[in-house]
Undergrad: 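Pasting in a structure now, in C-alpha coordinates, and then I'll have a few things to ask.
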Amino acid sequence: MKRIKGVEEGSNGSSSKNPPETCKKVRKQTSDKLEVVVTSESTESDWSQLPQELLLHIFQYLPLLDRAYASQVCRTWNQAFHMPELWRCFEFELNQPASSYLKATHPDLIKQIIKRHSNHLQYVSFKVDSSTESAEAACDILSQLVNCSLKTLGLISTARPSFMEVPKSHFISALTVVFVNSKSLSSLKIDDTPVDDPSLKVLVANNSDTLKLLKMSSCPHVSPAGILCVADQCHGLRELALNYHLLSDELLLALSSEKHVHLEHLRIDVVSENPGQHFHTIKKSSWDAMVRHSPKFNLVMYFFLYEDEFGPFFNEEVPVTHLYFGRSVSKEVLGRVGLHCPRLVELVVCANGLRPLDEELIRIAKRCTQLSAIGLGECEVSCSAFVEFVKMCGRRLSQLSIMEEVLIPDHKYSLDEIHWEVSKHLGRVWFPDMMPTW
(Lines give C-alpha, C1' and ligand atoms only; values in the text may rest on other atoms or scores of the structure.)
Protein backbone atom coordinates (compact mmCIF):
# COMPACT_ATOMS: atom_id res chain seq x y z
CA MET A 1 0.00 0.00 0.00
CA LYS A 2 1.23 3.52 -0.85
CA ARG A 3 0.20 6.75 0.90
CA ILE A 4 0.13 9.96 -1.17
CA LYS A 5 2.39 12.60 0.35
CA GLY A 6 2.10 16.33 -0.13
CA VAL A 7 4.98 18.64 -1.03
CA GLU A 8 4.93 22.20 0.23
CA GLU A 9 6.22 24.97 -1.99
CA GLY A 10 8.31 27.75 -0.55
CA SER A 11 7.36 31.38 -0.95
CA ASN A 12 10.17 31.89 -3.45
CA GLY A 13 8.82 29.11 -5.73
CA SER A 14 11.50 26.53 -4.84
CA SER A 15 10.66 23.20 -3.27
CA SER A 16 11.86 22.51 0.24
CA LYS A 17 13.86 19.32 0.34
CA ASN A 18 13.48 17.58 3.71
CA PRO A 19 13.12 20.08 6.52
CA PRO A 20 11.90 18.17 9.61
CA GLU A 21 9.46 20.80 10.76
CA THR A 22 7.79 21.05 7.36
CA CYS A 23 7.36 17.28 7.14
CA LYS A 24 5.67 17.22 10.54
CA LYS A 25 3.23 19.95 9.47
CA VAL A 26 2.39 18.15 6.24
CA ARG A 27 1.79 14.86 8.08
CA LYS A 28 -0.44 16.63 10.58
CA GLN A 29 -2.48 18.38 7.85
CA THR A 30 -2.84 15.15 5.93
CA SER A 31 -4.03 13.21 8.96
CA ASP A 32 -6.76 15.79 9.57
CA LYS A 33 -8.09 15.39 6.00
CA LEU A 34 -9.29 12.44 3.90
CA GLU A 35 -6.40 10.14 3.13
CA VAL A 36 -6.22 8.89 -0.45
CA VAL A 37 -5.01 5.31 -0.63
CA VAL A 38 -4.04 3.83 -3.99
CA THR A 39 -3.19 0.17 -4.49
CA SER A 40 -0.62 -0.86 -7.03
CA GLU A 41 -3.13 -3.27 -8.58
CA SER A 42 -5.69 -0.51 -9.33
CA THR A 43 -3.19 1.60 -11.28
CA GLU A 44 -2.93 -1.11 -13.95
CA SER A 45 -5.97 -1.71 -16.27
CA ASP A 46 -6.35 -5.39 -17.10
CA TRP A 47 -8.17 -5.15 -20.47
CA SER A 48 -8.30 -8.91 -20.77
CA GLN A 49 -10.83 -8.95 -17.93
CA LEU A 50 -13.52 -7.03 -19.85
CA PRO A 51 -16.82 -8.95 -19.89
CA GLN A 52 -17.56 -10.79 -23.13
CA GLU A 53 -20.80 -8.84 -23.58
CA LEU A 54 -18.90 -5.55 -23.47
CA LEU A 55 -16.20 -6.81 -25.81
CA LEU A 56 -18.86 -7.94 -28.26
CA HIS A 57 -20.51 -4.53 -28.14
CA ILE A 58 -17.18 -2.78 -28.82
CA PHE A 59 -16.12 -5.15 -31.60
CA GLN A 60 -19.44 -4.67 -33.40
CA TYR A 61 -18.52 -1.03 -33.99
CA LEU A 62 -15.06 -1.80 -35.38
CA PRO A 63 -14.27 -2.31 -39.07
CA LEU A 64 -13.11 -5.80 -39.88
CA LEU A 65 -9.44 -4.81 -40.24
CA ASP A 66 -9.44 -3.07 -36.85
CA ARG A 67 -11.08 -6.12 -35.31
CA ALA A 68 -8.29 -8.26 -36.72
CA TYR A 69 -5.65 -5.96 -35.18
CA ALA A 70 -7.47 -5.98 -31.85
CA SER A 71 -7.56 -9.78 -31.86
CA GLN A 72 -3.74 -9.78 -31.55
CA VAL A 73 -3.78 -7.95 -28.20
CA CYS A 74 -4.42 -10.99 -26.00
CA ARG A 75 -5.99 -14.43 -25.95
CA THR A 76 -9.31 -13.10 -24.62
CA TRP A 77 -9.63 -10.58 -27.44
CA ASN A 78 -8.71 -13.23 -29.96
CA GLN A 79 -11.53 -15.39 -28.65
CA ALA A 80 -13.85 -12.38 -28.88
CA PHE A 81 -12.84 -11.92 -32.53
CA HIS A 82 -14.34 -15.35 -33.28
CA MET A 83 -17.61 -14.87 -31.40
CA PRO A 84 -20.47 -16.13 -33.63
CA GLU A 85 -22.43 -12.88 -33.22
CA LEU A 86 -19.72 -11.00 -35.14
CA TRP A 87 -19.96 -13.27 -38.17
CA ARG A 88 -23.69 -13.38 -38.79
CA CYS A 89 -23.45 -10.52 -41.28
CA PHE A 90 -20.65 -10.42 -43.87
CA GLU A 91 -20.03 -8.91 -47.29
CA PHE A 92 -17.51 -10.63 -49.53
CA GLU A 93 -15.81 -8.09 -51.79
CA LEU A 94 -14.23 -9.85 -54.74
CA ASN A 95 -12.19 -7.70 -57.10
CA GLN A 96 -9.24 -8.30 -59.38
CA PRO A 97 -6.33 -5.91 -58.57
CA ALA A 98 -5.40 -5.61 -62.24
CA SER A 99 -8.86 -4.40 -63.33
CA SER A 100 -10.38 -2.76 -60.24
CA TYR A 101 -9.42 -0.07 -57.74
CA LEU A 102 -11.91 -1.37 -55.15
CA LYS A 103 -10.74 -3.15 -52.03
CA ALA A 104 -11.09 -6.92 -51.82
CA THR A 105 -11.59 -9.42 -49.00
CA HIS A 106 -8.25 -11.11 -48.35
CA PRO A 107 -8.11 -14.77 -49.53
CA ASP A 108 -6.76 -15.91 -46.14
CA LEU A 109 -9.73 -14.34 -44.39
CA ILE A 110 -12.11 -16.06 -46.79
CA LYS A 111 -10.52 -19.42 -45.98
CA GLN A 112 -10.81 -18.72 -42.25
CA ILE A 113 -14.47 -17.75 -42.58
CA ILE A 114 -15.32 -20.92 -44.48
CA LYS A 115 -13.37 -23.06 -42.00
CA ARG A 116 -14.51 -21.51 -38.69
CA HIS A 117 -17.58 -19.36 -39.32
CA SER A 118 -19.59 -20.73 -42.23
CA ASN A 119 -22.19 -22.14 -39.82
CA HIS A 120 -22.53 -18.68 -38.20
CA LEU A 121 -23.26 -16.76 -41.42
CA GLN A 122 -26.85 -15.54 -41.80
CA TYR A 123 -26.81 -12.26 -43.73
CA VAL A 124 -24.41 -12.55 -46.67
CA SER A 125 -23.75 -10.51 -49.79
CA PHE A 126 -21.20 -10.76 -52.58
CA LYS A 127 -19.96 -7.62 -54.30
CA VAL A 128 -18.00 -8.43 -57.45
CA ASP A 129 -16.36 -6.32 -60.12
CA SER A 130 -16.72 -6.74 -63.88
CA SER A 131 -14.34 -9.68 -64.17
CA THR A 132 -15.51 -13.24 -64.70
CA GLU A 133 -12.83 -14.41 -62.25
CA SER A 134 -14.48 -12.54 -59.39
CA ALA A 135 -17.91 -13.96 -60.20
CA GLU A 136 -16.46 -17.48 -60.36
CA ALA A 137 -14.75 -16.93 -57.00
CA ALA A 138 -18.13 -15.97 -55.52
CA CYS A 139 -19.63 -19.19 -56.86
CA ASP A 140 -16.76 -21.19 -55.37
CA ILE A 141 -17.45 -19.67 -51.94
CA LEU A 142 -21.19 -20.33 -52.23
CA SER A 143 -20.47 -23.96 -53.06
CA GLN A 144 -18.63 -24.36 -49.74
CA LEU A 145 -21.39 -22.91 -47.55
CA VAL A 146 -22.86 -26.34 -46.86
CA ASN A 147 -23.16 -25.91 -43.08
CA CYS A 148 -24.88 -22.53 -43.00
CA SER A 149 -28.52 -21.53 -43.09
CA LEU A 150 -28.70 -18.06 -44.63
CA LYS A 151 -31.50 -15.62 -44.02
CA THR A 152 -30.47 -13.11 -46.69
CA LEU A 153 -28.32 -13.42 -49.80
CA GLY A 154 -27.35 -10.70 -52.25
CA LEU A 155 -25.29 -11.06 -55.43
CA ILE A 156 -24.20 -7.61 -56.57
CA SER A 157 -22.30 -6.74 -59.75
CA THR A 158 -20.68 -3.33 -59.36
CA ALA A 159 -20.11 -2.89 -63.10
CA ARG A 160 -21.31 -5.09 -65.93
CA PRO A 161 -23.24 -8.27 -64.98
CA SER A 162 -20.24 -10.55 -64.49
CA PHE A 163 -22.33 -13.43 -63.13
CA MET A 164 -23.80 -13.83 -66.61
CA GLU A 165 -20.31 -14.73 -67.86
CA VAL A 166 -19.99 -17.65 -65.46
CA PRO A 167 -20.91 -21.08 -66.87
CA LYS A 168 -24.56 -21.57 -66.06
CA SER A 169 -24.05 -25.02 -64.56
CA HIS A 170 -21.42 -23.67 -62.16
CA PHE A 171 -23.67 -20.85 -60.99
CA ILE A 172 -26.77 -23.02 -60.60
CA SER A 173 -24.84 -25.67 -58.68
CA ALA A 174 -23.49 -23.08 -56.23
CA LEU A 175 -26.87 -21.40 -55.75
CA THR A 176 -28.59 -24.74 -55.19
CA VAL A 177 -26.23 -25.47 -52.28
CA VAL A 178 -27.54 -22.35 -50.54
CA PHE A 179 -31.19 -23.03 -51.40
CA VAL A 180 -31.02 -26.60 -50.07
CA ASN A 181 -29.18 -25.81 -46.84
CA SER A 182 -31.00 -22.58 -46.00
CA LYS A 183 -34.41 -23.38 -44.56
CA SER A 184 -35.26 -19.82 -43.54
CA LEU A 185 -34.18 -17.63 -46.45
CA SER A 186 -36.20 -14.41 -46.31
CA SER A 187 -34.41 -12.07 -48.73
CA LEU A 188 -32.84 -12.96 -52.09
CA LYS A 189 -31.27 -10.46 -54.50
CA ILE A 190 -30.06 -12.16 -57.67
CA ASP A 191 -30.39 -9.50 -60.39
CA ASP A 192 -28.39 -10.06 -63.60
CA THR A 193 -27.71 -13.75 -62.96
CA PRO A 194 -28.32 -16.99 -64.91
CA VAL A 195 -30.81 -18.36 -62.36
CA ASP A 196 -33.43 -20.57 -64.04
CA ASP A 197 -36.80 -22.20 -63.39
CA PRO A 198 -35.50 -25.49 -61.86
CA SER A 199 -33.35 -23.61 -59.33
CA LEU A 200 -36.36 -21.47 -58.36
CA LYS A 201 -38.29 -24.67 -57.68
CA VAL A 202 -35.52 -25.74 -55.29
CA LEU A 203 -35.77 -22.34 -53.61
CA VAL A 204 -39.52 -22.72 -53.17
CA ALA A 205 -39.27 -26.31 -51.93
CA ASN A 206 -37.00 -25.29 -49.06
CA ASN A 207 -37.92 -21.69 -48.25
CA SER A 208 -41.54 -21.10 -49.27
CA ASP A 209 -42.65 -20.27 -45.71
CA THR A 210 -39.97 -17.62 -45.07
CA LEU A 211 -39.26 -15.84 -48.39
CA LYS A 212 -40.40 -12.19 -48.18
CA LEU A 213 -38.21 -10.36 -50.71
CA LEU A 214 -37.13 -11.47 -54.17
CA LYS A 215 -35.24 -9.25 -56.61
CA MET A 216 -34.41 -10.87 -59.93
CA SER A 217 -34.40 -8.26 -62.67
CA SER A 218 -32.58 -9.19 -65.89
CA CYS A 219 -32.67 -12.96 -65.39
CA PRO A 220 -33.18 -14.19 -68.97
CA HIS A 221 -33.35 -17.91 -68.10
CA VAL A 222 -36.45 -17.51 -65.93
CA SER A 223 -39.84 -17.88 -67.62
CA PRO A 224 -43.24 -16.47 -66.59
CA ALA A 225 -44.12 -19.99 -65.40
CA GLY A 226 -41.04 -20.01 -63.15
CA ILE A 227 -41.90 -16.79 -61.34
CA LEU A 228 -45.54 -17.86 -61.16
CA CYS A 229 -44.43 -20.97 -59.25
CA VAL A 230 -42.77 -18.68 -56.68
CA ALA A 231 -45.89 -16.53 -56.29
CA ASP A 232 -48.13 -19.58 -55.97
CA GLN A 233 -46.07 -21.12 -53.16
CA CYS A 234 -44.46 -18.21 -51.31
CA HIS A 235 -47.50 -16.61 -49.72
CA GLY A 236 -45.39 -14.38 -47.48
CA LEU A 237 -43.73 -12.55 -50.38
CA ARG A 238 -43.94 -8.79 -49.79
CA GLU A 239 -41.41 -7.33 -52.24
CA LEU A 240 -40.78 -8.45 -55.81
CA ALA A 241 -38.60 -7.02 -58.59
CA LEU A 242 -38.52 -8.46 -62.09
CA ASN A 243 -38.49 -7.62 -65.80
CA TYR A 244 -41.69 -6.91 -67.68
CA HIS A 245 -41.44 -10.08 -69.79
CA LEU A 246 -42.07 -12.10 -66.57
CA LEU A 247 -45.14 -10.08 -65.63
CA SER A 248 -48.47 -11.72 -66.49
CA ASP A 249 -52.12 -11.56 -65.58
CA GLU A 250 -51.74 -14.93 -63.86
CA LEU A 251 -48.89 -13.61 -61.71
CA LEU A 252 -50.91 -10.59 -60.54
CA LEU A 253 -53.88 -12.81 -59.72
CA ALA A 254 -51.63 -15.17 -57.75
CA LEU A 255 -50.24 -12.24 -55.76
CA SER A 256 -53.84 -11.15 -55.14
CA SER A 257 -55.11 -14.46 -53.81
CA GLU A 258 -56.62 -14.73 -50.33
CA LYS A 259 -53.71 -16.89 -49.16
CA HIS A 260 -51.15 -14.26 -50.09
CA VAL A 261 -50.11 -11.46 -47.73
CA HIS A 262 -50.46 -7.85 -48.82
CA LEU A 263 -47.77 -6.98 -51.33
CA GLU A 264 -45.79 -3.88 -50.34
CA HIS A 265 -43.49 -3.24 -53.29
CA LEU A 266 -43.53 -4.39 -56.92
CA ARG A 267 -40.80 -3.15 -59.26
CA ILE A 268 -41.04 -3.73 -63.00
CA ASP A 269 -38.19 -2.96 -65.42
CA VAL A 270 -39.47 -2.45 -68.97
CA VAL A 271 -36.36 -2.72 -71.14
CA SER A 272 -36.06 -2.92 -74.90
CA GLU A 273 -33.29 -5.21 -76.05
CA ASN A 274 -33.81 -4.43 -79.75
CA PRO A 275 -35.56 -1.48 -81.48
CA GLY A 276 -39.14 -2.32 -82.41
CA GLN A 277 -39.53 -5.01 -79.75
CA HIS A 278 -43.10 -6.13 -79.07
CA PHE A 279 -44.53 -5.99 -75.55
CA HIS A 280 -47.64 -7.75 -74.27
CA THR A 281 -50.52 -6.02 -72.48
CA ILE A 282 -51.67 -6.56 -68.89
CA LYS A 283 -55.44 -6.46 -68.36
CA LYS A 284 -56.94 -3.71 -66.27
CA SER A 285 -58.92 -6.32 -64.32
CA SER A 286 -55.64 -7.90 -63.17
CA TRP A 287 -54.35 -4.56 -61.89
CA ASP A 288 -57.70 -3.90 -60.21
CA ALA A 289 -57.47 -7.23 -58.37
CA MET A 290 -54.00 -6.29 -57.19
CA VAL A 291 -55.18 -2.93 -55.85
CA ARG A 292 -58.16 -4.48 -54.07
CA HIS A 293 -55.94 -7.01 -52.36
CA SER A 294 -53.02 -4.66 -51.57
CA PRO A 295 -54.39 -1.11 -51.69
CA LYS A 296 -51.20 0.46 -50.31
CA PHE A 297 -48.62 -1.32 -52.45
CA ASN A 298 -46.02 0.65 -54.42
CA LEU A 299 -45.75 -0.11 -58.14
CA VAL A 300 -42.42 1.14 -59.46
CA MET A 301 -41.88 1.05 -63.22
CA TYR A 302 -38.63 1.85 -65.05
CA PHE A 303 -38.97 2.36 -68.81
CA PHE A 304 -36.04 2.09 -71.19
CA LEU A 305 -37.94 1.98 -74.49
CA TYR A 306 -37.83 3.68 -77.85
CA GLU A 307 -40.69 6.06 -78.58
CA ASP A 308 -42.47 3.73 -81.00
CA GLU A 309 -42.56 0.89 -78.42
CA PHE A 310 -44.98 2.51 -75.96
CA GLY A 311 -48.12 1.37 -77.80
CA PRO A 312 -49.26 -1.26 -75.20
CA PHE A 313 -48.74 1.04 -72.20
CA PHE A 314 -50.99 3.56 -70.41
CA ASN A 315 -54.04 2.98 -72.57
CA GLU A 316 -56.02 1.99 -69.48
CA GLU A 317 -55.70 2.80 -65.81
CA VAL A 318 -52.46 1.52 -64.26
CA PRO A 319 -51.82 1.71 -60.47
CA VAL A 320 -48.21 2.88 -60.91
CA THR A 321 -46.87 5.02 -58.04
CA HIS A 322 -43.27 5.68 -59.13
CA LEU A 323 -42.56 6.16 -62.84
CA TYR A 324 -39.14 6.65 -64.45
CA PHE A 325 -38.48 7.20 -68.16
CA GLY A 326 -34.82 6.56 -68.90
CA ARG A 327 -35.06 7.38 -72.61
CA SER A 328 -36.96 9.93 -74.63
CA VAL A 329 -40.73 9.71 -74.23
CA SER A 330 -43.32 11.43 -76.42
CA LYS A 331 -45.90 14.07 -75.47
CA GLU A 332 -48.62 11.57 -76.32
CA VAL A 333 -47.36 9.01 -73.80
CA LEU A 334 -47.04 11.63 -71.05
CA GLY A 335 -50.58 12.72 -71.87
CA ARG A 336 -51.76 9.15 -71.33
CA VAL A 337 -49.87 9.06 -68.03
CA GLY A 338 -51.89 12.06 -66.87
CA LEU A 339 -55.12 10.30 -67.83
CA HIS A 340 -54.50 6.79 -66.53
CA CYS A 341 -52.10 6.99 -63.54
CA PRO A 342 -54.15 8.42 -60.63
CA ARG A 343 -51.91 6.82 -57.95
CA LEU A 344 -48.73 8.48 -59.27
CA VAL A 345 -46.44 9.75 -56.50
CA GLU A 346 -43.15 10.30 -58.34
CA LEU A 347 -42.38 11.07 -62.00
CA VAL A 348 -38.96 11.36 -63.63
CA VAL A 349 -38.58 12.22 -67.33
CA CYS A 350 -35.01 12.18 -68.59
CA ALA A 351 -35.80 13.46 -72.09
CA ASN A 352 -38.73 14.47 -74.25
CA GLY A 353 -37.72 16.58 -77.19
CA LEU A 354 -38.38 20.12 -78.35
CA ARG A 355 -42.16 20.26 -77.97
CA PRO A 356 -43.29 21.96 -74.73
CA LEU A 357 -45.01 19.75 -72.15
CA ASP A 358 -47.34 22.47 -70.87
CA GLU A 359 -50.65 20.64 -71.32
CA GLU A 360 -49.27 17.35 -70.14
CA LEU A 361 -47.92 18.80 -66.88
CA ILE A 362 -51.18 20.60 -66.12
CA ARG A 363 -53.12 17.38 -66.72
CA ILE A 364 -50.79 15.41 -64.44
CA ALA A 365 -51.16 18.04 -61.69
CA LYS A 366 -54.95 17.92 -62.01
CA ARG A 367 -55.45 14.14 -62.09
CA CYS A 368 -52.47 12.79 -60.14
CA THR A 369 -53.47 14.22 -56.77
CA GLN A 370 -50.83 12.27 -54.82
CA LEU A 371 -47.87 13.49 -56.89
CA SER A 372 -45.14 14.72 -54.52
CA ALA A 373 -41.92 14.43 -56.57
CA ILE A 374 -41.02 15.26 -60.15
CA GLY A 375 -37.81 15.52 -62.15
CA LEU A 376 -37.40 16.83 -65.70
CA GLY A 377 -34.23 16.54 -67.76
CA GLU A 378 -33.99 17.33 -71.46
CA CYS A 379 -37.52 18.71 -71.85
CA GLU A 380 -39.18 22.05 -72.49
CA VAL A 381 -41.86 23.74 -70.37
CA SER A 382 -42.98 27.36 -70.53
CA CYS A 383 -42.47 29.33 -67.32
CA SER A 384 -46.20 30.12 -67.09
CA ALA A 385 -47.24 26.47 -67.36
CA PHE A 386 -44.61 25.45 -64.83
CA VAL A 387 -45.81 28.02 -62.31
CA GLU A 388 -49.40 26.84 -62.83
CA PHE A 389 -48.29 23.23 -62.30
CA VAL A 390 -46.57 24.11 -59.02
CA LYS A 391 -49.56 26.20 -57.92
CA MET A 392 -51.92 23.24 -58.49
CA CYS A 393 -49.68 20.77 -56.66
CA GLY A 394 -48.78 23.16 -53.87
CA ARG A 395 -46.70 22.21 -50.87
CA ARG A 396 -47.16 18.47 -51.38
CA LEU A 397 -44.30 18.76 -53.92
CA SER A 398 -41.53 17.70 -51.56
CA GLN A 399 -39.05 17.14 -54.41
CA LEU A 400 -38.88 19.38 -57.48
CA SER A 401 -35.82 18.86 -59.64
CA ILE A 402 -35.94 20.87 -62.88
CA MET A 403 -32.97 21.82 -65.02
CA GLU A 404 -32.82 25.53 -65.78
CA GLU A 405 -32.58 24.72 -69.49
CA VAL A 406 -36.05 23.13 -69.31
CA LEU A 407 -37.82 26.40 -68.49
CA ILE A 408 -38.73 28.67 -71.43
CA PRO A 409 -39.34 32.35 -70.56
CA ASP A 410 -42.63 33.80 -71.81
CA HIS A 411 -44.72 36.97 -71.55
CA LYS A 412 -45.51 36.35 -67.84
CA TYR A 413 -42.27 35.17 -66.28
CA SER A 414 -38.58 35.40 -66.92
CA LEU A 415 -36.02 33.01 -65.47
CA ASP A 416 -35.18 35.57 -62.79
CA GLU A 417 -38.82 35.94 -61.75
CA ILE A 418 -39.85 32.28 -61.73
CA HIS A 419 -37.71 31.43 -58.72
CA TRP A 420 -39.72 33.78 -56.49
CA GLU A 421 -43.08 32.68 -57.81
CA VAL A 422 -42.37 28.96 -57.43
CA SER A 423 -40.91 29.47 -53.93
CA LYS A 424 -44.09 31.26 -52.88
CA HIS A 425 -46.32 28.30 -53.84
CA LEU A 426 -43.95 25.68 -52.40
CA GLY A 427 -43.58 27.49 -49.08
CA ARG A 428 -39.80 27.20 -49.25
CA VAL A 429 -36.89 28.64 -51.22
CA TRP A 430 -36.49 26.96 -54.60
CA PHE A 431 -34.05 27.34 -57.48
CA PRO A 432 -33.85 25.37 -60.74
CA ASP A 433 -30.95 22.96 -61.08
CA MET A 434 -27.90 24.22 -62.91
CA MET A 435 -25.92 22.30 -65.51
CA PRO A 436 -22.29 21.83 -64.34
CA THR A 437 -19.82 23.92 -66.33
CA TRP A 438 -16.82 21.59 -66.09
Side-chain angles (χ1 to χ4, degrees), residues 157 159-161 164 191-193 215-224 226-227 240-252 265-284 286-287 290 297-361 363-364 367-368 371 373-381 401-403 405-406:
S157 298
R160 65 185 180 87
M164 295 300 297
D191 300 316
D192 299 299
T193 64
K215 293 186 176 182
M216 45 177 299
S217 297
S218 301
C219 296
H221 300 293
V222 176
S223 70
I227 191 63
L240 179 62
L242 66 162
N243 277 59
Y244 186 78
H245 79 274
L246 296 178
L247 186 66
S248 64
D249 295 298
E250 293 78 13
L251 176 62
L252 291 178
H265 194 91
L266 176 60
R267 169 175 168 163
I268 307 296
D269 291 349
V270 191
V271 182
S272 174
E273 303 295 341
N274 302 295
Q277 184 174 336
H278 174 72
F279 291 89
H280 63 282
T281 303
I282 300 297
K283 296 177 182 177
K284 181 179 180 299
S286 302
W287 286 123
M290 189 77 243
F297 90 106
N298 290 319
L299 174 58
V300 182
M301 299 188 75
Y302 285 82
F303 281 87
F304 295 90
L305 303 183
Y306 298 96
E307 287 193 14
D308 58 348
E309 296 174 333
F310 279 95
F313 300 100
F314 308 113
N315 295 309
E316 295 182 302
E317 189 171 302
V318 181
V320 61
T321 55
H322 300 73
L323 187 54
Y324 306 92
F325 292 103
R327 293 177 183 167
S328 180
V329 59
S330 67
K331 281 171 60 70
E332 179 189 359
V333 173
L334 289 176
R336 300 205 302 260
V337 168
L339 287 173
H340 301 301
C341 301
R343 298 177 77 239
L344 193 63
V345 173
E346 182 178 9
L347 174 65
V348 176
V349 181
C350 290
N352 167 255
L354 301 178
R355 297 172 61 192
L357 298 175
D358 296 3
E359 296 178 5
E360 290 71 24
L361 274 186
R363 181 181 297 168
I364 288 172
R367 293 177 174 268
C368 304
L371 186 71
I374 187 169
L376 299 179
E378 298 178 13
C379 309
E380 284 193 0
V381 180
S401 179
I402 311 294
M403 298 300 297
E405 292 77 9
V406 169

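Residue numbers start at 1 and run along the sequence shown.
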Undergrad: Using the test side-chain hydrogen bond (donor to acceptor under 3.5 Å, both in side chains), find all partners of Tyr244 that sit at least two apart in sequence or belong to another chain.
TA: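 Partners of Tyr244 by the side-chain hydrogen bond (donor to acceptor under 3.5 Å, both in side chains) criterion come out as none, since no residue qualifies.
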
Undergrad: side-chain hydrogen bond (donor to acceptor under 3.5 Å, both in side chains) with Ser157: which residues, sequence neighbours excluded?
TA: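 side-chain hydrogen bond (donor to acceptor under 3.5 Å, both in side chains) check on Ser157 returns nothing, list empty.
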
Undergrad: Run the ring pair (Phe, Tyr, Trp, His ring centres under 6.0 Å) test against Phe303 and tell me which residues pass, sequence neighbours left out.
TA: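 Here the qualifying residues are Phe310, Phe313, Phe314, Phe325.
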
Undergrad: For Tyr302, check ring pair (Phe, Tyr, Trp, His ring centres under 6.0 Å) against everything at least two apart and list the hits.
TA: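 Ring pair (Phe, Tyr, Trp, His ring centres under 6.0 Å) check on Tyr302 returns Tyr324.
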
Undergrad: What pairs of residues pass the salt bridge (charged side-chain N to carboxylate O under 4.0 Å, His left out) test when at least one of them lies in residues 298-327, not counting sequence neighbours?
TA: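 Salt bridge (charged side-chain N to carboxylate O under 4.0 Å, His left out) check on residues 298-327 returns no pairs.
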
Undergrad: Not counting sequence neighbours, which residues clear side chain to side chain contact (heavy atoms under 4.5 Å, CB included) with Asn243? List them please.
TA: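 With sequence neighbours excluded, Asn243 shows a side chain to side chain contact (heavy atoms under 4.5 Å, CB included) to Ser217, Ser218, His245, Asp269, Val271, given in chain and number order.
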
Undergrad: Per the side chain to side chain contact (heavy atoms under 4.5 Å, CB included) rule, which among Val406, Leu357, Val381 passes with Asn352?
TA: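 Only one option passes, and that is Leu357.
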
Undergrad: With sequence neighbours excluded, what pairs up with Ser223 under the side-chain hydrogen bond (donor to acceptor under 3.5 Å, both in side chains) test?
TA: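 For Ser223 the side-chain hydrogen bond (donor to acceptor under 3.5 Å, both in side chains) partners, ignoring immediate neighbours, are Asp197.
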
Undergrad: With sequence neighbours excluded, what pairs up with Lys284 under the salt bridge (Lys or Arg N to Asp or Glu O under 4.0 Å) test?
TA: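 Partners of Lys284 under the salt bridge (Lys or Arg N to Asp or Glu O under 4.0 Å) test: Asp288.
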
Undergrad: If the test is side chain to side chain contact (heavy atoms under 4.5 Å, CB included), which one of Leu334, Val333, Val337 qualifies with Glu360?
TA: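 When Leu334, Val333, Val337 are each tested with Glu360, the side chain to side chain contact (heavy atoms under 4.5 Å, CB included) holds only for Leu334.
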
Undergrad: Quick one: side chain to side chain contact (heavy atoms under 4.5 Å, CB included) partners of Arg355, sequence neighbours excluded?
TA: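 Listed in chain order: Lys331.
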
Undergrad: Kindly write out the residues that satisfy side-chain hydrogen bond (donor to acceptor under 3.5 Å, both in side chains) with Ser401, not counting sequence neighbours, or none if the list is empty.
TA: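 Applying side-chain hydrogen bond (donor to acceptor under 3.5 Å, both in side chains) to Ser401 gives Asp433.
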
Undergrad: Only counting residues at least two apart or in another chain, list the ones meeting side chain to side chain contact (heavy atoms under 4.5 Å, CB included) with His265.
TA: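 Side chain to side chain contact (heavy atoms under 4.5 Å, CB included) list for His265, sorted by chain: Glu239, Arg267, Asn298, Val300.
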
Undergrad: Checking Asn315 now: which residues fulfil side chain to side chain contact (heavy atoms under 4.5 Å, CB included) with it, not counting sequence neighbours?
TA: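 Side chain to side chain contact (heavy atoms under 4.5 Å, CB included) list for Asn315, sorted by chain: Arg336.
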
